[in-house]
Chemist: 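Attaching a single structure in structure tokens format; questions to follow.
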Amino acid sequence: MAHLFDSLKLRGVEFANRVVVSPMCQYSCTNGFATDWHFVHLGSRAVGRAAAVIAEATAVTADGRISPRDLGIWTDDHIEPLRRVFAFVAEQGSVPGIQLAHAGRKASTSEPWNGGKPISPPQGGWTPIAAPSPLAFADGYQVPHALSVPEITALVEAFAAAVRRAHAAGAKLVELHAAHGYLVHSFLSPLSNQRTDQYGGSFTNRIRMLCEVVTAARKVWPEEYPLWVRISATDWTEGGWTVEESVELARILKPLGVDLIDSSSGGNVSSAKIPFGPGYQVAFAEQIRRESGVPTGAVGMITDPAQADQIIRSGQADVVILARQFLRDPYWPLLAARALGTDIQWPVQYERAKQK
Ligand SMILES: Cc1cc2nc3c(=O)[nH]c(=O)nc-3n(C[C@H](O)[C@H](O)[C@H](O)COP(=O)(O)O)c2cc1C
């Protein structure tokens, strides 16, 4: 039975343990370029011995950013500053990962500390906003432009180009962002996708864009590197995307080359009632893993070493993916191992702090 500090091999990549840093937007870029902030933010969590560190939602096109300060990878110029970050993460024995994203109808907003609200072009935002259908996310958001089929094809190619650049930058793990109401999720859910062409309507049509992105990504992403997809396992709303559909999606994505489903939830319906609490999304990772046979990652209010260990030991997920707890403590794995009585190697520079 695996435990939290057992290694895991996905394709040719070895993860030293089962603790992964969740992608977290830092809103700290100009024109999408990684900065010293990313070096320190991602680098310190690799020093803390996370098995993998996944860089925040990184925009595949400039207008696919959530805010003007998002990280991006829409030109070859974006590669170099990322390369420095990923090289350091890898040097620490952690797997350098990147989440590739397009914000869809939730694009063009301000940073959270400036309100996180939609902004118009005079305020530094942009238009038009891309979506499957002309349905605004919520009050105050722009009514998006319904993408034409050639525009969808161009976006699939933008994802593939981003994957190629991620490889050039030294990433060894790519996570495609198909969750939280952003572009790909908005295609999956019948609440945001009301198209009548081959990209809307039936389940097969709604998942078509994601399947195309995965297929295009796999063509340029090395065979020996894992590809993950983050989904929102449910919209938490009647008539929306369901856990059963998530299971079916996982079964379909596996033969296309997806190695793990990162099982988040929500984000597509602003009024959804979500029962937040410790481990509130773990059951989704468990159900998807059990019913599809595809490895999963559990995320959401996982904070305690025993809780995390239990998720792995009981086979609910293959990895635990922590976000806010890693903001509280970049060295969480070091102290979690100690709490669980497991001996892991600390960075030699910090060895003298290993014993209490
Ligand atoms: C500051 C911050 C930024 C986030 N940015 C992203 C992101 O870029 N991509 C993503 O998929 N989720 C993002 N999330 C969601 C987290 O990855 C995670 O799914 C969520 O916070 C629940 O996990 P937690 O309870 O461990 O924080 C963000 C969360 C926080 C707190």
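Counting starts at 1 for both ligands and their atoms, in listed order. In this text the structure is predicted, and so the values were computed from the model without any measurement.
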Chemist: Any side-chain donor-acceptor pair under 3.5 Å between H145 and E151?
Modeler: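 Yes, a side-chain donor-acceptor pair sits under 3.5 Å.
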Chemist: For ligand 1, which atoms sit closer than 4.0 Å to a heavy atom of M301?
Modeler: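 Reading through ligand 1 atom by atom, the close ones are 24 (P), 25 (O), 26 (O).
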Chemist: Heavy-atom contacts with H180 under 4.0 Å: which atoms of ligand 1 show up? List them by number with element.
Modeler: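 Going through ligand 1 atom by atom, the ones under 4.0 Å from H180 are 10 (C), 11 (O), 12 (N).
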Chemist: Using 4.0 Å as the upper bound for N to carboxylate O, is an ion pair formed by R164 and D76?
Modeler: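 Result for this pair is yes, salt bridge flagged.
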Chemist: Write down the atom of G170, the atom of P96, and the distance for their closest heavy-atom approach.
Modeler: O-CG, 3.6 Å
Chemist: Does either side chain, that of Q310 or that of R313, offer a donor lying less than 3.5 Å from an acceptor on the other one?
Modeler: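 No pair is found: no donor N or O on one side chain lies under 3.5 Å from an acceptor on the other.
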Chemist: Strictly under 4.0 Å, does any heavy atom of R230 approach an atom of ligand 1?
Modeler: yes
Chemist: Between Q142 and I119, what is the shortest heavy-atom contact and its length?
Modeler: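 Scanning both residues, the minimum pair turns out to be NE2-O, 3.9 Å.
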Chemist: Under a 4.0 Å N-O cut-off, is there an ion pair linking E286 with R289?
Modeler: no
Chemist: What's the shortest heavy-atom distance between H185 and A178, and which atoms?
Modeler: CB-O, 3.4 Å
Chemist: I'd like to check which ligand 1 atoms, numbered from 1 as shown, lie under 4.0 Å from a non-hydrogen atom of Q99.
Modeler: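 So the answer, numbered in order with elements, is 7 (C), 8 (O), 9 (N), 10 (C), 11 (O).
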Chemist: Looking only at protein heavy atoms, which one is nearest to atom 29 (C) of ligand 1, and how far off is it?
Modeler: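 It is M24 CG, 3.9 Å.
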Chemist: So, is V299 polar-close to ligand 1, with some N/O to N/O distance under 3.5 Å?
Modeler: no
Chemist: Just to check, does G300 reach to within less than 4.0 Å of ligand 1 when the distance is taken from its heavy atoms?
Modeler: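 Per 4.0 Å heavy-atom rule, G300 contacts ligand 1.
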Chemist: So do Q316 and R290 actually touch side chain to side chain, heavy atoms under 4.5 Å?
Modeler: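 Sidechains of Q316 and R290: no contact.
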Chemist: For atom 13 (C) of ligand 1, what's the nearest protein heavy-atom neighbour? Residue, atom name and distance, please.
Modeler: P23 O, 3.1 Å
Chemist: Considering heavy atoms of the protein only, find what lies nearest to atom 3 (C) of ligand 1 and give residue, atom and distance to 0.1 Å.
Modeler: C25 N, 3.3 Å
Chemist: So is there a nitrogen or oxygen of R324 less than 3.5 Å from a nitrogen or oxygen in ligand 1?
Modeler: yes
Chemist: Decide whether an N or O pair under 3.5 Å exists between Q325 and ligand 1.
Modeler: no
Chemist: With a 4.5 Å cut-off on side-chain heavy atoms, are R195 and F187 touching?
Modeler: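 Contact flag for F187/R195 side chains = yes.
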Chemist: Could you tell me whether R65 sits above the aromatic face of W126, with NZ or CZ closer than 6.0 angstrom to the six-membered ring centre and within 45 degrees of the axis?
Modeler: yes
Chemist: Tell me, which protein residue and heavy-atom name are nearest atom 17 (O) of ligand 1, and how many Å apart are they?
Modeler: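 The closest one turns out to be S22 OG, 2.7 Å.
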Chemist: Geometry only, no angles: is I321 polar-contacting ligand 1 at N/O separations under 3.5 Å?
Modeler: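 No, no N or O pair falls under 3.5 Å.
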Chemist: Between L322 and ligand 1, is there a nitrogen or oxygen pair with a distance under 3.5 Å?
Modeler: no
Chemist: For atom 16 (C) of ligand 1, what is the nearest protein heavy atom, given as residue, atom name and distance?
Modeler: A323 CB, 3.6 Å
